Every structure is written in structure tokens, then in C-alpha cells.
Amino acid sequence: MGKIESVQQFLRNQDVDAAFVTTPDNIFYLSGFSSNPHERLLGLMIFKEAEPFIICPLMEVPDVKATGWPFEVIGHADTEDAWDVVLKAIRNRGYMPKSFAIEKSHLTVERLERVDQLFPGATFTRLDEQLNRMRVIKDAEELTNLRIAAELADYAVEVGCKEIAEGKTELEILMAIEFEMKKKGVQKMSFDTMVLSGPKTASPHGTPGDRKIQKGDFILFDLGVIYNGYCSDITRTVAFGEPTDAQREIYETVRQAEQAAVDLVRPGVKALELDKAARDVISTAGYGDYFTHRLGHGLGISVHEYPSITGTNDMILTEGMVFTIEPGIYHPDITGVRIEDDVVVTADGVEVLTKFPKELRIIDPA
Ligand code: GLY
Ligand code: MN
Ligand code: MN
């Protein structure tokens, strides 16, 4: 069954008249059209029975058609009220929906009020989980894109390692990585590239800046690229010069925690078991208080999607799920270390997409 048909099947099962999808990533998943509409209206309307349509800024109509979208595409000019255009397109189909499935986690209050005004008395149900469930299992083509995205991320870390030198700033290294990615044809990174050094590695969501690399630093790279619409997300932490025993101990603890979770991945295991496996290693070593986030997150068109790999998610892993495994220890007085891989649940185990080595890489400052 096609993706649009799956949503129509959902509408029939729930007895809902129409689905109105406005999240760009969900629109890309369902239609193949990718765009950032900023504040303009971009929507995909799917009806229980009638043909779907895409509503988009007028200037993007040719781009939608170029994707091979086989149904109607309606443009709205910047001088028009996009919602009047939506209403007209629906009326042309000869009926007025009385119930809508919407992405409640995305549709703004302002937009919801507008839909409510155009369709007085309409009821609203959640579409979010249905789309998340559809997206959580990747098909062969999606896996190919994710494999290539991961390969490029491995290469980006290698570039970063080669750029490390005493006195260079985090931003200079970051710039070299992204310059090289652009040369490889990468249009966009999955998120803002992170290059953190020395004490800054102890901040899981730190911001790269003008700190200069010094001997004895650990340097943490967290980055990813988008390939054909699919994201990678890798973290590696390397040493610049001989590490101290304390730094080594933290690194080895994270490496063992990460490997313990990777080794557990197979169909039938619960997401929370992975988090526990990694967290147990870190807690047993005495660093439990310094591992302050979940183990990982699903990966695909969005850099964070289903499934969330937390200590409370009892979702059962199934073949085709793709997610990150990224334990960390963030010690303000010693160092921060995170190691992050992208993994696929296979029929009988795991495929690790990111292949950059995980033994501690020591970069010689000489
Ligand atoms: N840098 C985002 C993440 O690893 O989740
Ligand atoms: Mn990451
Ligand atoms: Mn991640």
C-alpha cells in the first residue's frame, strides 16, 4: 500500500474526513516534495475518499510538479489569503469535511483557529503517532540513503581529526569540515556542527567558538549530513596529546557503555533495555550522575524522530528501525566524552552505519 493510501486507510478506520499535514518532513515523506516554507502555508490535504492536494507558495508549484507528485498542486500568491485558497480547493471536491486529523505537536494555535473558523464545528484528532509509526520502519531505499549519509559523516570526522592543530579554533576546524562536505556535494548538515574542545566537551549541547586547541584537550565532534533527505548523526571524541589516566578511564567507560547497547540491538528487545545496558556500565564505573540524557533517538528524514531510546520507552525494536546510540559522560573537571553511532535493527541483529573507529584516537601534537 502506498503512503497516501495508508493515511486514507487510517482516516477510514478512525472515521475522520481529512488529514491536514503541515510538517515539512512529513510532507516530504508522503509526497517526495521537500521545502522550508518559512511562515508561508505549505500543506498536504488527504481525504478519506477524494484525491489529495498540496497547497504551497505559488513560486514553488513547479518544484512540486518536478518531483512527479501525481495529484493536484495549488499555489497561493503572497497577496492572497492561503486559507481562502484551501477552502476553494476543498469546495471544488464537492464536500465539506467535518473532522480533521492534524499534527497536534506542530500546527500552531493561530492556524488551528483559522481551520476552526473555516470549518465551523469541525473536530480534530491526532495524526502525529500514525505518521511517526509509518516513518519508524525504513524501506530499502531509505536505508541506502542513510548508509551514504553515515559514510559522509565518517569522512567528516576524519577531516576534523586532520585539521586539529595547536592554536586552531573550534570554528576554524568546523569550517574546514563543512567546506569539505560542500565539495562532496552535501547541501546541508543535519544540524549545527559541533566541535568542542577541552572543558567545553563537558557541555552536551555546547556551542563551538573561538577557543584555541591546546595539548591535553579532548575534542568532541558531533555532526551529520543530509543525503537525499536523510540524516546522519555521529559523535566521536579524540585526544590531542597523551591523555591522563582520568581522561582515559572516562573514555573507556563510555566506549564500553556504547558497545554494550550496540551488542544488545535485535528485534524483540525493548528500547529501555538499551538505555539500561549503557547506563549500568556508566553507573557501575561511578559516573552515573554525569550521563544526563537519554541513550539515543530515531533517525531518518528528521534528525530526531521515533523511536526515542529512553529508560522508560518500552517500545519493542523491530527490523528496519534506525536510531542513534550515544552515551556520554560530561565531567566538568576531567573531560566530556560522547560516542554516537547510527544503527539499523536487522532481521537478526544490528547493522552499524557509522564506522569511524571507536578506539581512542590520540592525535600527536608534534
Ligand atoms: N547533536 C544532536 C544529537 O546528537 O542528538
Ligand atoms: Mn549527534
Ligand atoms: Mn544524536
Side-chain angles (χ1 to χ4, degrees), residues 25 132 135-136 138 145-147 149-161 170-171 173-174 177-178 181 186 188-197 200-209 218-227 230-238 251 254-255 257-259 261-262 265 271 274-275 277-279 282 290-311 313 315 317 321-330 335-345 350-358 361:
D25 284 356
N132 288 341
R135 282 174 52 178
V136 81
K138 272 64 180 179
N145 289 329
L146 286 160
R147 275 187 199 103
E151 213 174 286
L152 285 161
D154 286 337
Y155 177 59
V157 176
E158 192 59 57
V159 171
C161 288
E170 295 164 344
L171 283 173
I173 296 170
L174 185 160
I177 292 171
E178 295 198 351
M181 287 297 102
V186 170
K188 230 175 140 192
M189 305 303 283
S190 312
F191 52 89
D192 291 344
T193 299
M194 214 184 269
V195 178
L196 301 174
S197 63
K200 290 177 69 181
T201 54
S203 171
H205 273 176
T207 307
F218 269 30
I219 294 136
L220 183 151
F221 300 99
D222 186 354
L223 55 85
V225 310
I226 303 178
Y227 181 81
Y230 285 80
C231 297
S232 54
D233 184 5
I234 187 173
T235 306
R236 290 293 187 269
T237 312
V238 301
Y251 189 90
V254 174
R255 196 172 68 80
E258 205 262 351
Q259 199 59 49
V262 170
V265 176
L274 304 185
D275 186 279
R279 208 167 294 277
I282 290 176
Y290 300 102
F291 178 18
T292 45
H293 54 75
R294 64 182 169 180
L295 183 68
H297 52 85
L299 190 68
I301 294 168
S302 308
V303 71
H304 284 192
E305 56 182 58
Y306 266 25
S308 185
I309 312 296
T310 70
N313 185 2
M315 182 185 261
L317 302 183
M321 286 183 180
V322 177
F323 49 86
T324 69
I325 292 183
E326 50 179 305
I329 296 175
Y330 308 95
T335 189
V337 171
R338 178 167 63 255
I339 300 175
E340 174 177 26
D341 277 325
D342 304 341
V343 304
V344 186
V345 183
V350 63
E351 176 187 347
V352 182
L353 300 181
T354 37
K355 301 193 188 304
F356 191 95
K358 290 181 273 192
R361 164 98 58 116

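Just follow the structure's listing: the first ligand is 1, and inside any ligand the first atom is 1. Values in this document were obtained by computation on a predicted structure and should not be read as measured data.
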Exercise. Using a distance-only test with no angle check, is there a side-chain donor-acceptor pair under 3.5 angstrom linking His293 and Glu326?
Worked result: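 Glu326 and His293 do not have a side-chain donor-acceptor pair below 3.5 Å.
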
Problem set entry | Any donor-acceptor N/O pair, Thr235 side chain to Asp222 backbone, under 3.5 Å |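 Here the side-chain-to-backbone pair does not exist.
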
Exercise. With a 4.0 Å cut-off, would you call Glu151 and Lys355 a salt bridge?
Worked result: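 Answer for the salt bridge query: no.
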
Exercise. Looking at Lys138 and Glu305, does any basic side-chain N land under 4.0 Å from a carboxylate oxygen?
Worked result: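 Answer for the salt bridge query: yes.
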
For this session: State which residues pass ring pair (Phe, Tyr, Trp, His ring centres under 6.0 Å) with Phe356; sequence neighbours excluded, sorted by chain then number.
Result: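 Ring pair (Phe, Tyr, Trp, His ring centres under 6.0 Å) list for Phe356, sorted by chain: empty.
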
Exercise. Under the salt bridge (charged side-chain N to carboxylate O under 4.0 Å, His left out) test, which residues partner Arg255, sequence neighbours left out?
Worked result: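 Partners of Arg255 by the salt bridge (charged side-chain N to carboxylate O under 4.0 Å, His left out) criterion, ordered by chain and then number, come out as Glu252.
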
For this session: For atom NZ of Lys188, decide whether the heavy atoms of other residues, nucleotides or ligands shown that lie under 6.0 angstrom number more than 12.
Result: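 Open: at most 12 neighbouring heavy atoms sit under 6.0 Å from NZ of Lys188.
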
Problem set entry | Distance below 2.8 Å from the Mn ion (ligand 3): protein N/O/S atoms |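 Protein N, O or S atoms closer than 2.8 Å to the Mn ion (ligand 3): Asp233 OD2, His297 NE2, Glu326 OE2, Glu340 OE2.
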
For this session: Check the pair Asp233 / His304 against side-chain hydrogen bond (donor to acceptor under 3.5 Å, both in side chains), numbers first and verdict last.
Result: CA-CA 10 Å; Asp233 184 5; His304 284 192; 4.8 Å; no

Problem set entry | Asp341 vs Glu258, side chain to side chain contact (heavy atoms under 4.5 Å, CB included): CA-CA, chis, key distance, verdict | CA-CA 8 Å; Asp341 277 325; Glu258 205 262 351; 2.8 Å; yes

For ligand 1, what N or O to protein N or O distances fall under 3.5 Å?
from, atom 1, to, atom 2, distance (Å)
ligand 1, 1 (N), Asp222, OD2, 2.9
ligand 1, 4 (O), Asp222, OD2, 3.3
ligand 1, 4 (O), Asp233, OD1, 3.4
ligand 1, 4 (O), Asp233, OD2, 3.1
ligand 1, 4 (O), Glu326, OE1, 3.1
ligand 1, 4 (O), Glu340, OE1, 3.3
ligand 1, 4 (O), Glu340, OE2, 3.3
ligand 1, 5 (O), His297, NE2, 3.0
ligand 1, 5 (O), His304, NE2, 2.8

